[in-house]
Amino acid sequence: MEIHHFEYGWITPTLSYGISVLGSLLGLTCAVRVREGKTRAQRAWWLMLAAWAIGGTAIWSMHFMAMLGFSVVGQQIRYDVAMTAASALIAVAVVGIGLFIAALGRPSIPKIVLGGIFAGVGVGAMHYTGMAAMRVDARIDYDTTRVALSFAIAVVAATVALWLVVNVKGALAIVASALVMGIAVNGMHFTGMSSMSAHEHPTAGDPSGATASNLLVPIILAVILVVIALIYAVLAAPNEEDRAGAAYLDARMADRANASAPEPPPSPHGLAARRTNFPSSTRRH
């Protein structure tokens with residue numbers, strides 16, 4: 001059976017790449033705040049937000065958007081809602097655990113590699129769980145070599161992403177890193193998709209489950225809400241430069257208040273006391 005991965009042309013891959021770059025951008029921005037956190041609780045909070053941004057938006061939302069361009073000629077495609085939701089939770093959970101391994105505490109290369117292996121294998125599992133959630137009246141087979149290649153890409157991409165999370169600073173570096181992460185995530189996804197082949201069943205039947213259009217609206221709304229919440233969290237929380245600027249302004253205001261304070265006038269009682277303390281012989285002359 002003939003398979004199309006780009007049924008709507010370049011619309012779905014372009015949108016999926018944009019979503020993955022946006023999620024990576026937010027995740028890396030949250031990662032910068034992790035390094036600026038003063039307490040373990042603050043760093044854990046920013047790591048959790050980074051997991052939602054990278055795992056939920058950059059990886060899983062990109063995956064679902066790209067899946068909209070997948071079709072089997074002459075067949076309807078439905079989705080198992082429970083398995084689709086499970087794939088989203090897997091993406092957030094494995095990325096979160098990988099981030100905690102690599103970034104919480106003192107970062108090191110072994111921790112980054114361990115976190116990358118865990119997150120990469122988990123992202124691969126998320127990808128194939130999402131593909132298994134598809135319901136189509138055909139037998140789906142996978143090419144073992146391409147499946148292994150997709151897992152290898154996922155592990156390498158996750159390891160590089162964790163290294164970027166730990167090391168990248170500056171707006172330009174964050175944007176460039178997000179563009180690279182978007183390429184890696186999409187490369188892993190479409191490599192995995194290319195491993196699929198569909199074969200006709202002897203008996204035809206209509207698959208059960210939700211259509212892509214049924215899931216599209218709630219998923220888009222969820223992504224928008226998550227992105228708005230992440231942007232608000234990033235903008236509302238002061239960063240290191242904001243704290244340094246506030247401390248500088250406080251110091252300048254304190255210096256100005258001290259400089260403008262008038263000198264106290266001499267006490268007239270003090271002058272009178274000095275006159276009364278002159279020796280009596282000096283007063284008579």
Side-chain angles (χ1 to χ4, degrees), residues 1-24 52-95 120 122-143 146-147 149-151 153-154 157-158 181-199 206-224 226-227:
M1 300 179 71
E2 187 177 359
I3 288 179
H4 289 164
H5 294 288
F6 305 101
E7 185 178 8
Y8 303 106
W10 288 98
I11 295 176
T12 49
T14 301
L15 289 175
S16 65
Y17 178 72
I19 290 173
S20 63
V21 170
L22 175 61
S24 300
W52 276 101
I54 296 174
T57 303
I59 296 176
W60 186 83
S61 298
M62 169 269 146
H63 162 83
F64 186 82
M65 182 58 65
M67 289 291 291
L68 295 180
F70 176 82
S71 67
V72 180
V73 175
Q75 297 292 326
Q76 292 183 346
I77 296 179
R78 300 295 181 96
Y79 294 89
D80 184 286
V81 176
M83 289 189 70
T84 302
S87 67
L89 295 177
I90 290 172
V92 175
V94 298
V95 170
V123 167
M126 175 280 301
H127 174 78
Y128 289 101
T129 301
M131 291 167 69
M134 291 191 307
R135 297 290 180 261
V136 58
D137 186 34
R139 188 184 81 251
I140 301 297
D141 294 329
Y142 294 93
D143 180 83
R146 293 192 181 188
V147 170
L149 180 59
S150 67
F151 270 95
I153 294 174
M181 287 174 64
I183 294 173
V185 171
N186 280 263
M188 178 267 164
H189 172 84
F190 287 109
T191 300
M193 292 298 296
S194 69
S195 69
M196 294 181 64
S197 60
H199 307 277
D206 292 330
S208 60
T211 63
S213 58
N214 294 144
L215 297 176
L216 187 59
V217 172
I219 288 175
I220 288 178
L221 289 176
V223 170
I224 291 174
V226 169
V227 169

Do [X] and [Y] make a side-chain contact, defined as non-hydrogen atoms from C-beta onward lying under 4.5 Å apart?
X	Y	value
M196	R146	no
Y17	I183	yes
R135	I77	no
M126	I59	yes
F70	M134	yes

(request) Apply the side-chain contact (heavy atoms from CB on, under 4.5 Å) test between I220 and each candidate in I224, V217, V223; give the one that qualifies. (result)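 Result: among I224, V217, V223, I224 is the only option passing the side-chain contact (heavy atoms from CB on, under 4.5 Å) with I220.
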Please round to the nearest 0.5 Å and tell me the distance separating atom [atom1] of [X] and atom [atom2] of [Y].
X	Y	atom1	atom2	value
H189	H63	NE2	NE2	6.0 Å
M65	I11	CE	CD1	11.0 Å
I19	F64	CD1	CZ	10.5 Å
L15	L68	CG	CG	9.0 Å
I90	M83	CD1	CE	8.0 Å
L149	T191	CG	OG1	5.5 Å

(request) Could you tell me whether the side chain of S61 and the main chain of G56 form a donor-acceptor pair under 3.5 Å? (result)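 Present.
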Can you see which heavy atom on [X] is nearest to which on [Y], and at what distance?
X	Y	answer
M188	A154	CG-CB, 3.7 Å
V185	A58	CG1-O, 3.5 Å
N186	S16	OD1-OG, 3.0 Å
S24	G182	OG-N, 4.4 Å
W60	S87	NE1-OG, 2.8 Å
I140	V136	CD1-CG1, 4.0 Å

(request) Measure centre to centre between the rings of F151 and Y128, then say whether the value is under 6.0 Å. (result)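 Under 6.0 Å, so yes.
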